[in-house]
Amino acid sequence: MGAALRRIQLGSALSAFGLGFTVPYLYVYVAQVRDLGAGTAGVVLAVFAMAALAVLPFTGRAIDRRGPLPVLVVASALASVGAAALGFASSVPAAVLAAAVLGAGTAVMQPALATMLVWCSSTATRTRAFAMQFFLQNLGLGLGGLVGGQLVDVNRPASFTMLFLIEAAMFVVLGVVVTTVRMPRTASLGGARPSGDAAAKGGGLRALLSHRAMVQLCVLGFVLFFACYGQFESGLAAYGTEAAGIEPSTLGFALAANTAVIVVAQFVVLRLVERRRRSRVIAAVGLIWAFAWIVAGYAGLGHGSQAMATAAFISTYALFGLGEAMLSPTVAPLVADLAPESMVGQYNSAFALCKQLALAVGPAVGGPMGASLHGPYIVTFVLFSLGITVLALRLGRRLTPVQDQPSLAAVPSRVVAVSLPEGADGAVPVVNTASSSTPASAGH
């Protein structure tokens, strides 16, 4: 990696470390430590998620107009204020407002960081850049949760305040670190701003919605996050405790197994997938996750011993981790490679919005099913996982060869082949902008 990418990755990892300090303990903090009740804690968590849905539709346009760097700096400052305020919140209005500010700030960070990675990488290096980001973020979240768990004490509100202040400091560090990044100013980025007329007419959104490959990828992304991340701490946890008789403490081991597989397997998996077609890799993830849900079905619906059920349940989370490791160098770079030069931020934000919608709908659907409808729950998500495979193979038909398999690119460039939205005649114009210019990360 060039110096610019290294700084972006460092800031991203530190912010994930800060989030790991507080996110696992947010419910306990609001409900028990501040004694605001379970209902208020649920509202705070809902507001945290809904704030992201409120700001993401506007984030992409801001990134493409102003650039990802100033947007990320503002978002990190906003998240820092929200984290610090939450650490001192002792009333319902204060906790809800702080959660809204924190949720909005952290939501904007995702597409801003993704766009910075795109700007500072080439088609040839982008796969590894996103894999490294995913690896560091999971490592940061895991370490943050581990360290934070050793520091908190429900009988000492000050210990939780300290955690939120550490989180706020990590966001400040992110903002400071990224301001030292010299963003590339190459010829290919010279037109990376929509014109005022295009922005005024809302052409960006219309162009995105007319881009069938991107629309299909957004639908696929929703199903991916709905069938996996949207179930981790809701439906699958409820199913494990109710149907499989898993001890609540075992859920922590299952999540640890998920993170461990990601950390250990990420770069081994990367070598296997980076020279293969992205659509086929995503399709394989659907099959792996279908098998993971079948293993979960054995844990809760089988007639083995409790030890076997526990092992099967932990294995389910581990299999999900393997699929996540395969997706990290595949999906996010594909979003970037589909985006026209002037709409990288809007494409990243649109995909982040689909992810957030899945994370909001997933628990609402999966939680009640996992707690009471055990058989239908497993069958439903086996089918959703198989749906991932079908959607991925259909998406592959709309991708150019280099979009589907970047290793085919003979000459490194920031964007080798950009699939533009379809014209009025339904044709898919493809613009080849590959050149032998210096890679974007060179010289930084």
Side-chain angles (χ1 to χ4, degrees), residues 1-18 59-60 62-77 79 106 108-140 170-193 266-267 270 274 328-329 332-337 339-349 352 406 409 411-416 418 433-444:
M1 294 185 297
L5 272 178
R6 285 197 297 270
R7 293 189 182 111
I8 295 169
Q9 301 285 29
L10 172 63
S12 178
L14 290 175
S15 65
F17 181 71
T59 300
I63 291 173
D64 289 331
R65 280 183 170 180
R66 305 295 181 185
L69 181 55
V71 172
L72 181 57
V73 170
V74 171
S76 62
T106 54
V108 173
M109 286 181 192
Q110 299 176 41
L113 279 169
T115 304
M116 289 185 75
L117 287 180
V118 173
W119 280 29
C120 294
S121 63
S122 68
T123 300
T125 63
R126 192 169 297 141
T127 295
R128 286 180 172 264
F130 278 98
M132 175 64 77
Q133 184 195 39
F134 186 73
F135 168 80
L136 291 175
Q137 284 184 336
N138 275 276
L139 188 61
M170 292 297 100
F171 290 136
V172 171
V173 171
L174 169 63
V176 171
V177 169
V178 296
T179 56
T180 67
V181 176
R182 289 194 300 159
M183 296 300 293
R185 298 295 178 187
T186 65
S188 63
L189 291 175
R193 303 286 188 279
Q266 181 64 84
F267 294 102
L270 177 62
E274 65 180 345
S328 64
L334 179 55
V335 174
D337 288 343
E341 289 281 350
S342 63
M343 296 179 63
V344 174
Q346 292 177 72
Y347 273 54
N348 281 322
S349 295
V411 181
S413 63
R414 205 192 73 81
V415 178
V416 176
V418 175
T433 61
S435 66
S436 57
S437 59
T438 304
S441 59
H444 299 285

Can you see which heavy atom on [X] is nearest to which on [Y], and at what distance?
| X | Y | answer |
| --- | --- | --- |
| Asp64 | Met343 | OD2-CA, 3.3 Å |
| Ala112 | Val71 | CB-CG1, 4.4 Å |
| Pro111 | Thr115 | O-OG1, 2.8 Å |
| Val181 | Ala4 | CG1-CB, 3.7 Å |
| Ser349 | Ile63 | OG-CD1, 4.2 Å |

From Asn138, Leu117, Ile8, residue fulfilling side chain to side chain contact (heavy atoms under 4.5 Å, CB included) relative to Gln133: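 Answer to the side chain to side chain contact (heavy atoms under 4.5 Å, CB included) test with Gln133 among Asn138, Leu117, Ile8: Leu117.
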
Would a distance-only check, ignoring hydrogens and angles, find a side-chain to backbone donor-acceptor pair under 3.5 Å from Gln9 to Ala129?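 Yes.
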
Quick one: does any side-chain atom of Ser76 pair with a main-chain N or O of Leu72 as donor and acceptor, under 3.5 Å?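 Flag set: sc Ser76 to bb Leu72 pair under 3.5 Å.
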
Using side-chain contact (heavy atoms from CB on, under 4.5 Å) as the criterion, list what pairs up with [X], not counting sequence neighbours.
| X | result |
| --- | --- |
| Ala79 | Leu102, Thr106, Met109, Phe171 |
| Leu69 | Val73, Met116, Val178, Met183 |
| Val172 | Ser80, Val176 |
| Leu270 | Thr127, Arg128, Ala131, Phe267, Glu274, Pro329 |

Taking side-chain hydrogen bond (donor to acceptor under 3.5 Å, both in side chains) as the definition, give me every residue that meets it alongside Gln266, ordered by chain and number, with sequence neighbours left out.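 Listed in chain order: Ser328.
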
Checking Thr59 now: which residues fulfil side-chain hydrogen bond (donor to acceptor under 3.5 Å, both in side chains) with it, not counting sequence neighbours?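 Result, side-chain hydrogen bond (donor to acceptor under 3.5 Å, both in side chains) vs Thr59: none returned.
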
Distance, nearest 0.5 Å, that separates CD of Gln346 from CG of Asn348: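 The CG atom of Asn348 is 10.5 Å from CD of Gln346, to the nearest 0.5 Å.
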
For Phe130, enumerate each residue passing the ring pair (Phe, Tyr, Trp, His ring centres under 6.0 Å) test, keeping only those at least two apart in sequence or located in another chain.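 Phe130: no ring pair (Phe, Tyr, Trp, His ring centres under 6.0 Å) contacts found.
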
Test ring pair (Phe, Tyr, Trp, His ring centres under 6.0 Å) applied to Phe134 - qualifying residues, sequence neighbours left out: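 For Phe134 there are no ring pair (Phe, Tyr, Trp, His ring centres under 6.0 Å) partners, ignoring immediate neighbours.
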
